[in-house]
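Here the structure comes first, spelled out in structure tokens, and everything after it is commentary.
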Amino acid sequence: ESTLGAAAAQSGRYFGTAIASGRLGDSTYTSIANREFNSVTAENEMKIDATEPQRGQFNFAAADRVFNWAVQNGKQVRGHTLAWHSQQPGWMQNLSGGTLRQAMNDHIKGVMAHYKGKIAQWDVVNEAFADGSSGARRDSNLQRTGNDWIEDAFRTARAADPAAKLCYNDYNVENWTWAKTQAMYNMVKDFKQRGVPIDCVGFQSHFNSGSPYNSNFRTTLQNFAALGVDVAVTELDIQGAPATTYADVTKDCLAVPRCLGITVWGVRDTDSWRPEHTPLLFNGDGSKKPAYTAVLNAL
Ligand code: XIL
């Protein structure tokens, strides 16, 4: 196959990218994105601050620009993200307790209703665990509403759109030996045992010198899949874009039947959120990097 999306589709998977609404007027960007990818995640436009800037007043203008571009070009959409400590609007940052819990659930209902039946996967909760060796939850205003905030969010999400796969998404959870990975594993195991509605786990996979790729990522994906959830690589970027590491990540997903697909976090290096601007599959001029060919050959 000659594109990432078509190659991934040969095994029933997708190959996606993050799309920024502000770049949709750039024809180099859109032509690469449309040619190579068959899944889209809005880089920022479906986050809480963008979709509910004032409490109870939803704004889907930017989100719909990304969503409509994706659907009009035949791509599936990953929804990102409904409950998160970051990129909260000011009004939500200032809430706590039962009021915040209610606002979280109202937000989930409002956004999911707008896209009901049209989103393949939703990142219901993002980044709820702390980095380091504690294995603890990350402190946040949402966490301070009570430890059950995550399962509350998933139950609300299931009721709001029963057709969407509901994912938990996090970073620094790819290495099986890390405490954060084990903490996330124990949560998902507990949710499955108690019937909390969770369908998938997203591994952001922002690899860099501080959190490098390790070949035990495949073990991690296999162990989560064995709990009865799908897995996905949701925000892949690798500092320096070494071709071998990109191929390894691709092979890890392909080795796990429940790995749904891979999303890279941007199109060209110049589109990347990473300050180094080196981690993606295309150069700033739109040409293919060695990592692109390595991924295509591995698919
Ligand atoms: C990033 C975006 O790429 C940036 O444009 C924005 O300034 C900050 O957020 N984990 C996530 C993503 O779940 O939403 C983040 O995206 C990257 C880390």
Side-chain angles (χ1 to χ4, degrees), residues 16-24 26 29 33 37 39-53 62-63 65-67 70 77-90 92-93 104 107-108 111 119-131 137-138 140 142-143 150 153-154 157 165-175 178 180-181 184 200-213 231-239 241 249 260-282 284:
T17 187
I19 290 287
S21 59
R23 300 186 199 276
L24 288 174
D26 174 342
Y29 177 83
F37 301 101
S39 177
V40 162
T41 306
E43 187 171 1
N44 290 295
E45 292 80 354
M46 291 192 190
K47 292 174 180 176
I48 314 173
D49 56 355
T51 52
E52 196 178 355
R65 280 198 285 278
V66 176
F67 178 87
V77 179
R78 292 193 83 259
H80 175 79
T81 178
L82 297 166
W84 191 22
H85 68 277
S86 184
Q87 291 181 265
Q88 290 183 1
M92 185 178 274
Q93 293 176 35
M104 175 191 83
H107 180 76
I108 292 169
V111 177
I119 299 280
Q121 307 168 31
W122 263 113
D123 289 332
V124 178
V125 172
N126 199 33
E127 302 182 348
F129 286 95
D131 287 308
R137 294 282 183 86
R138 173 197 296 274
S140 71
L142 289 165
Q143 180 61 30
I150 299 178
F154 275 91
K165 289 194 190 214
L166 306 181
C167 304
Y168 176 82
N169 192 56
D170 214 329
Y171 68 92
N172 284 357
V173 289
E174 297 79 18
N175 187 322
W178 286 16
K180 190 172 175 181
T181 310
M184 182 173 80
C200 38
V201 175
F203 298 82
Q204 292 184 11
S205 307
H206 296 293
F207 295 117
N208 52 59
S209 49
S211 50
Y213 168 81
V231 295
V233 176
T234 53
E235 303 182 14
L236 179 62
D237 50 24
I238 312 176
Q239 187 174 25
V249 173
L260 300 171
I262 298 172
T263 300
V264 288
W265 206 240
V267 177
R268 303 160 299 191
D269 279 342
T270 44
D271 304 316
S272 173
W273 73 304
R274 303 300 298 191
E276 307 85 8
H277 294 292
T278 60
L280 294 173
L281 299 178
F282 294 88

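No experiment lies behind these values; they were computed from the predicted model shown. Every number for a ligand or one of its atoms is a count from 1 in the order of the listing.
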Q. Just by modelled atom types, is the Y171 backbone N or O under 3.5 Å from a matching donor or acceptor in the K180 side chain?
A. yes
**Q.** Minimum heavy-atom distance between S140 and H85, given as atom pair plus value
**A.** CB-CB, 3.6 Å
Q) Which atoms form the tightest heavy-atom contact between N169 and N126, and what is the distance? A) ND2-OD1, 2.9 Å
Q: Just do the side-chain hydrogen bond (donor to acceptor under 3.5 Å, both in side chains) check on E174 and Q204 with the steps written out, would you?
A: CA-CA 8 Å; E174 297 79 18; Q204 292 184 11; over 6 Å; no
(Q) Assess, by modelled atom type and distance only, whether the side chains of D123 and H80 contain a donor and an acceptor separated by less than 3.5 Å. (A) yes
Q: Flag the pair H206 / W273 as yes when their ring centroid distance falls below 6.0 Å, and as no otherwise.
A: yes
Pairs under 3.5 angstrom, nitrogen or oxygen on both sides, ligand 1 versus protein: list them out, please.
{"residue": "ligand 1", "atom": "3 (O)", "partner": "E43", "partner atom": "OE2", "Å": "2.5"}
{"residue": "ligand 1", "atom": "3 (O)", "partner": "W265", "partner atom": "NE1", "Å": "2.9"}
{"residue": "ligand 1", "atom": "5 (O)", "partner": "E43", "partner atom": "OE2", "Å": "3.3"}
{"residue": "ligand 1", "atom": "5 (O)", "partner": "N44", "partner atom": "ND2", "Å": "3.0"}
{"residue": "ligand 1", "atom": "9 (O)", "partner": "K47", "partner atom": "NZ", "Å": "3.1"}
{"residue": "ligand 1", "atom": "9 (O)", "partner": "Q87", "partner atom": "OE1", "Å": "3.2"}
{"residue": "ligand 1", "atom": "10 (N)", "partner": "E127", "partner atom": "OE2", "Å": "3.0"}
{"residue": "ligand 1", "atom": "10 (N)", "partner": "Q204", "partner atom": "OE1", "Å": "3.2"}
{"residue": "ligand 1", "atom": "10 (N)", "partner": "E235", "partner atom": "OE1", "Å": "3.0"}
{"residue": "ligand 1", "atom": "13 (O)", "partner": "H80", "partner atom": "NE2", "Å": "3.2"}
{"residue": "ligand 1", "atom": "13 (O)", "partner": "N126", "partner atom": "ND2", "Å": "2.9"}
{"residue": "ligand 1", "atom": "13 (O)", "partner": "Q204", "partner atom": "NE2", "Å": "3.3"}
{"residue": "ligand 1", "atom": "13 (O)", "partner": "E235", "partner atom": "OE1", "Å": "3.4"}
{"residue": "ligand 1", "atom": "13 (O)", "partner": "E235", "partner atom": "OE2", "Å": "2.8"}
{"residue": "ligand 1", "atom": "14 (O)", "partner": "K47", "partner atom": "NZ", "Å": "2.7"}
{"residue": "ligand 1", "atom": "14 (O)", "partner": "H80", "partner atom": "NE2", "Å": "2.7"}
{"residue": "ligand 1", "atom": "16 (O)", "partner": "K47", "partner atom": "NZ", "Å": "3.3"}
{"residue": "ligand 1", "atom": "16 (O)", "partner": "W265", "partner atom": "NE1", "Å": "3.3"}

